[in-house]
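Report on the structure given below.
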Amino acid sequence: MRNGSRHIRALTCLAAAAALTGAVPPQAQQSGTTDVTVTISNLRNVKGVIRACMTQNKKRFPKCRGDANAYSTVVSARKNAVLTFKNVKPGIYAIALLHDENNNGKADRALSMIPKEGFGFSRDAKVVMSPPKFSSAAFTVGETPVNQAIRMRYML
C-alpha cells in the first residue's frame with residue numbers, strides 16, 4: 001500500500017503544478033457533438049485578429065449578438081489562418097468572420113456604412129450591398145467533423 005500512496009501523492013503534486021501554471025488538459029469531445037474547422041484565405045495582412053461567430057439563429061446573423069447559443073472564437077491574424085469551433089451540436093449554422101485589423105472589437109466603417117476591415121461568410125457567401133442572408137451562408141452540422149473554407153473580402 002505504501003507504493004500506492006506514493007503514486008497518489010505524485011499525481012496530486014502534478015495536478016497542483018498544472019493548476020499553478022495554468023495548464024489544462026485537452027477538452028474532451030462531448031457526446032453528440034463535433035468540430036467545425038474554418039480555413040481562412042485572402043487576408044490582406046497579418047495585423048490584429050480574426051473574430052468568428054457561428055449561429056443557428058437567422059435573426060442574429062451575421063453579428064450573433066444576444067444569441068446565448070452562438071459559438072465564437074478569436075485567433076491571431078496570420079497567413080492561412082485556421083480556427084475551430086469545438087463541441088458543436090448538430091443543426092444548421094452560418095458563420096461570419098471579421099478581420100479586426102486594429103483589434104478594437106468592432107467592425108470599423110467609412111462613411112458610416114462601408115466596412116474598412118475584412119469580412120467573410122460560410123459557404124463563401126457573396127455580399128451584394130449588404131451581408132448575405134442566413135440561407136446563403138447556411139450549412140449542416142451532423143455527427144462528423146465539418147470543414148469550411150472562407151475567403152476574406154475587403155471593400156476598401
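Index from 1, following the sequence.
Counting non-hydrogen atoms of other residues, nucleotides and ligands closer than 6.0 Å to CD1 of Ile114 gives a total above 12.
Looking only at distances, a side-chain donor or acceptor of Ser122 sits under 3.5 Å from a matching main-chain atom of Ala137. Between the Asp108 side chain and the Pro115 main chain, no donor and acceptor come within less than 3.5 Å of each other. Side chain of Arg109 to main chain of Met113: a donor-acceptor pair is present (N/O by atom type, distance under 3.5 Å, no hydrogens or angles). Side-chain atoms of Asn57 never come within 3.5 Å of backbone atoms of Phe61 as a donor-acceptor pair (strictly under, hydrogens ignored). Not a single donor-acceptor pair under 3.5 Å links the side chain of Asn103 to the backbone N or O of Gly48. Under the 3.5 Å distance criterion, the side-chain polar atoms of Arg60 are matched with a main-chain donor or acceptor of Arg65. Although no hydrogens or angles enter the test, the distance criterion places no donor-acceptor pair under 3.5 Å between the side chain of Asn42 and the main chain of Arg151.
A salt bridge is absent between Lys116 and Glu101: the closest approach of a Lys/Arg side-chain nitrogen to an acidic carboxylate oxygen does not fall below 4.0 angstrom.
Within the 4.5 Å cutoff, no side-chain heavy atoms of Ser41 are placed close to those of Ile150. Considering only heavy atoms from C-beta on, Thr73 stays 4.5 Å or farther from Thr84 through its side chain. In this structure the side chain of Leu43 never reaches within 4.5 angstrom of the side chain of Arg78, judged on heavy atoms. At least one side-chain heavy atom of Arg153 sits less than 4.5 Å from a side-chain heavy atom of Lys126. At least one side-chain heavy atom of Ile95 sits less than 4.5 Å from a side-chain heavy atom of Phe85. With contacts defined as side-chain heavy-atom distances shorter than 4.5 Å, the pair Asp100/Glu117 qualifies.
Put simply, Val46 and Leu97 are part of two different groups of oily side chains (I, L, V, M, F, W, Y) that touch within less than 4.5 Å, one to the next. Note: the hydrophobic cluster containing Tyr93 does not contain Phe119 (ILVMFWY, side chain heavy atoms under 4.5 Å, direct or indirect links). Linking ILVMFWY residues whenever their side-chain heavy atoms come closer than 4.5 Å, directly or via other members, leaves Ile50 and Val74 in distinct clusters. Val127 and Phe134 fall within the same hydrophobic cluster, where Ile, Leu, Val, Met, Phe, Trp and Tyr residues are linked whenever their side-chain heavy atoms come under 4.5 Å apart, directly or through other members. Taking hydrophobic clusters as Ile, Leu, Val, Met, Phe, Trp and Tyr residues chained together by side-chain heavy-atom distances below 4.5 Å, Tyr154 shares a cluster with Ile40.
Taken from OG in Ser72 to CZ in Arg51, the straight-line distance is 9.5 Å, to the nearest 0.5 Å.
Considering all non-hydrogen atoms of both residues, Pro131 and Pro62 come closest at CB-CG, 3.9 Å. Heavy atoms only, all atoms of each residue included: Ala70 and Cys64 are closest at CB-CB, 4.0 Å. Looking at every heavy atom in both residues, Leu83 comes nearest to Ala52 through CD2-CB, 3.7 Å.
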Is there a side chain to side chain contact (heavy atoms under 4.5 Å, CB included) between Tyr71 and Val36 once you walk through the steps? CA-CA 10 Å; Tyr71 296 83; Val36 175; over 6 Å; no

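Each of Asn69, Thr34, Val141, Thr33 was checked for a side-chain contact (heavy atoms from CB on, under 4.5 Å) with Lys89, and the lone residue meeting it is Thr33.
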